[in-house]
Structure formats: C-alpha cells, structure tokens
Amino acid sequence: MSLQSVRAFLRERAPEIDIVELDVSTATVAEAAAGHGVEPRQIAKTLSLRVGDTVVLVVAAGDARLDNRKVKTLLGGKPRMLNAQEVEAVTGHPVGGVCPFGLPAPLPVYCDESLRAWDMVVPAAGSRNSAVRIAPERLAEITGGLWVDICQSATP
C-alpha cells in the first residue's frame, strides 16, 4: 500500500519523477547510498517526531543530526522520535521507507538546510528498497515543506 500511495502522490504532484526500485534493501542511510551510488549525506532521511500532541516530519541530509535545542526552539517543546509502530501508523510507510510523499493525512514537513548542499537528493519512496532522485527545492515544493535549520552536519 505504501509504495502505491507514493506512486499516486507523485503522479498527481510530480509526474516527471520516477521511483527507483532496487533488488537490495536501502532501509539505512549506508545501504541507500551504496545502492543508489551516492554519498551518504546525499540521502534525504525522513525523521518522524512528536512534540507534545503534534507529529512532524523532518527531512535532512543522511549525515545530519537533529539539534534538540533548535528543534525545541522551532516547535516549542522537546522532540521525541516515534517508534516503528507509531511511524507506520502515522505515515503509512515502514521504517526504512519513510518519506514525506503519499501520507494518509497531511503532516507538517520541515526540510533541513543540510539538503541544500546538493542539486539532487535521494529520499525513500514508501518501501525499504525504493527511492526517488529529486532536487531539494522540488521536494519542499511538492510536500509543502518549510525550510529550517534544525540539524548539525556530521561532515564539516
């Protein structure tokens, strides 16, 4: 169901973008980078967070780490990562395939500035072996993502 919801979303909002399905798992940043032939920091990972009663998605470079102070300042509370069951219930996607596309209900999407280091990033596409290649600006545009600075890069 998840991959199909992403297909439907992209068909409607970005028909020029193709989903790439691999025969290997791309569930982790390292697996995705190896499978798609890109650097780990070019993988656009989607983090599911709860702040109070609000669930948000943060899309960031594969090597970026959340800065809890910045998240707390932006969202007004301490962030908590959702567990695997919560992630799938809220996004419709399994962990390893989570993306801001094809969600069962709208969620706030925050795109971290770390993505802007690249002309093209590779977020998952609803399954543990699918992804898309997309410009960061286009990703934010089709998801209604708000650009924020809430991560620290692991790469200088």
Side-chain angles (χ1 to χ4, degrees), residues 1-14 17 19-22 24-36 40-115 121-134 136 138-154:
M1 172 77 170
S2 184
L3 182 57
Q4 290 80 7
S5 70
V6 173
R7 282 190 204 287
F9 176 90
L10 293 174
R11 199 170 29 252
E12 179 183 314
R13 297 204 183 169
I17 297 174
I19 294 175
V20 178
E21 292 181 79
L22 301 179
V24 296
S25 173
T26 56
T28 68
V29 169
E31 290 173 341
H36 292 285
R41 58 184 179 235
Q42 208 168 347
I43 298 302
K45 63 184 177 185
T46 302
L47 306 172
S48 306
L49 305 175
R50 180 179 304 282
V51 178
D53 293 333
T54 304
V55 173
V56 303
L57 299 180
V58 174
V59 186
D63 69 337
R65 294 178 51 95
L66 282 178
D67 182 317
N68 286 330
R69 182 184 50 78
K70 290 180 179 180
V71 175
K72 187 174 181 180
T73 299
L74 176 74
L75 300 176
K78 183 178 178 182
R80 180 181 69 78
M81 299 287 282
L82 300 184
N83 67 37
Q85 292 83 9
E86 292 170 316
V87 168
E88 194 155 359
V90 171
T91 67
H93 307 312
V95 171
V98 178
C99 61
F101 318 121
L103 303 171
L107 290 172
V109 175
Y110 295 95
C111 296
D112 186 69
E113 290 288 334
S114 59
L115 297 172
V121 294
V122 184
S127 72
R128 292 181 179 99
N129 68 328
S130 64
V132 297
R133 292 175 177 262
I134 188 170
R138 184 76 169 122
L139 185 151
E141 176 187 333
I142 67 174
T143 62
L146 176 66
W147 285 104
V148 294
D149 176 14
I150 58 173
C151 289
Q152 301 171 345
S153 176

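- In summary, of the residues considered (I43, D63, V122), a side chain to side chain contact (heavy atoms under 4.5 Å, CB included) with V29 occurs for I43 alone.
- Under the rule for a side-chain hydrogen bond (donor to acceptor under 3.5 Å, both in side chains), the partners of S25 that lie at least two apart in sequence or sit in another chain are E31.
- Using a cut-off of 4.0 Å between Lys/Arg side-chain N and Asp/Glu carboxylate O, E21 and R7 are scored as salt-bridged.
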Check your understanding: Could you go step by step and tell me if V58 and I150 meet the side chain to side chain contact (heavy atoms under 4.5 Å, CB included) rule?
Key -> CA-CA 9 Å; V58 174; I150 58 173; 3.8 Å; yes
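- Put simply, the side chain of D67 never gets that close to the backbone of Q152: no donor and acceptor are under 3.5 Å apart.
- Within the 3.5 Å criterion, the main-chain N or O of V59 finds no donor-acceptor partner in the side chain of T46.
- To the nearest 0.5 Å, atoms NE2 (H36) and OG1 (T26) are separated by 4.5 Å.
- Between L82 and V55 there is a side-chain heavy-atom pair separated by less than 4.5 Å.
- Note that CG of L66 is 6.5 Å distant from CE of M81, once rounded to the nearest 0.5 Å.
- In this structure, CG on L115 lies 10.5 Å from CD on Q42, to the nearest 0.5 angstrom.
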Point to revise | R138/I17 under side chain to side chain contact (heavy atoms under 4.5 Å, CB included): CA gap, chis, key distance, verdict | key: CA-CA 10 Å; R138 184 76 169 122; I17 297 174; 4.3 Å; yes
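- For P123 against I134, the heavy-atom pair with the smallest separation is CD-CG2, 3.7 Å.
- Across L47, L74, D149, T143, a single residue satisfies side chain to side chain contact (heavy atoms under 4.5 Å, CB included) together with Y110, and that is L74.
- Residue W147 comes nearest to P136 through the heavy atom pair CZ2-O, 3.5 Å, listed as atom of the first residue, atom of the second, then distance.
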Exercise for review: Begin with the C-alpha distance, continue with both residues' side-chain angles, and end with the deciding distance and a verdict on side chain to side chain contact (heavy atoms under 4.5 Å, CB included) for L3 and I19.
Suggested key: CA-CA 9 Å; L3 182 57; I19 294 175; 4.0 Å; yes
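- Judged as a salt bridge (Lys or Arg N to Asp or Glu O under 4.0 Å), not a single pair has a partner in residues 44-59 (not counting sequence neighbours).
- The two residues G145 and C111 have their closest heavy-atom pair at CA-SG, 4.2 Å.
- One distance of note links CD of Q4 with CZ of R11; it measures 10.0 Å at 0.5 Å rounding.
- Shortest non-hydrogen contact noted between S48 and L57 is OG-CD2, 3.5 Å.
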Return a table of donor-acceptor pairs under 3.5 angstrom between the side chains of residues 84-109 and protein atoms on other chains or two or more places apart.
from, atom 1, to, atom 2, distance (Å)
E86, OE1, R80, NH1, 3.4
E86, OE1, N83, N, 2.8
E86, OE2, R80, NH2, 3.3
T91, OG1, V87, O, 2.8
T91, OG1, H93, N, 3.0
T91, OG1, H93, O, 3.3
H93, ND1, S2, OG, 2.2
H93, NE2, F101, O, 2.8

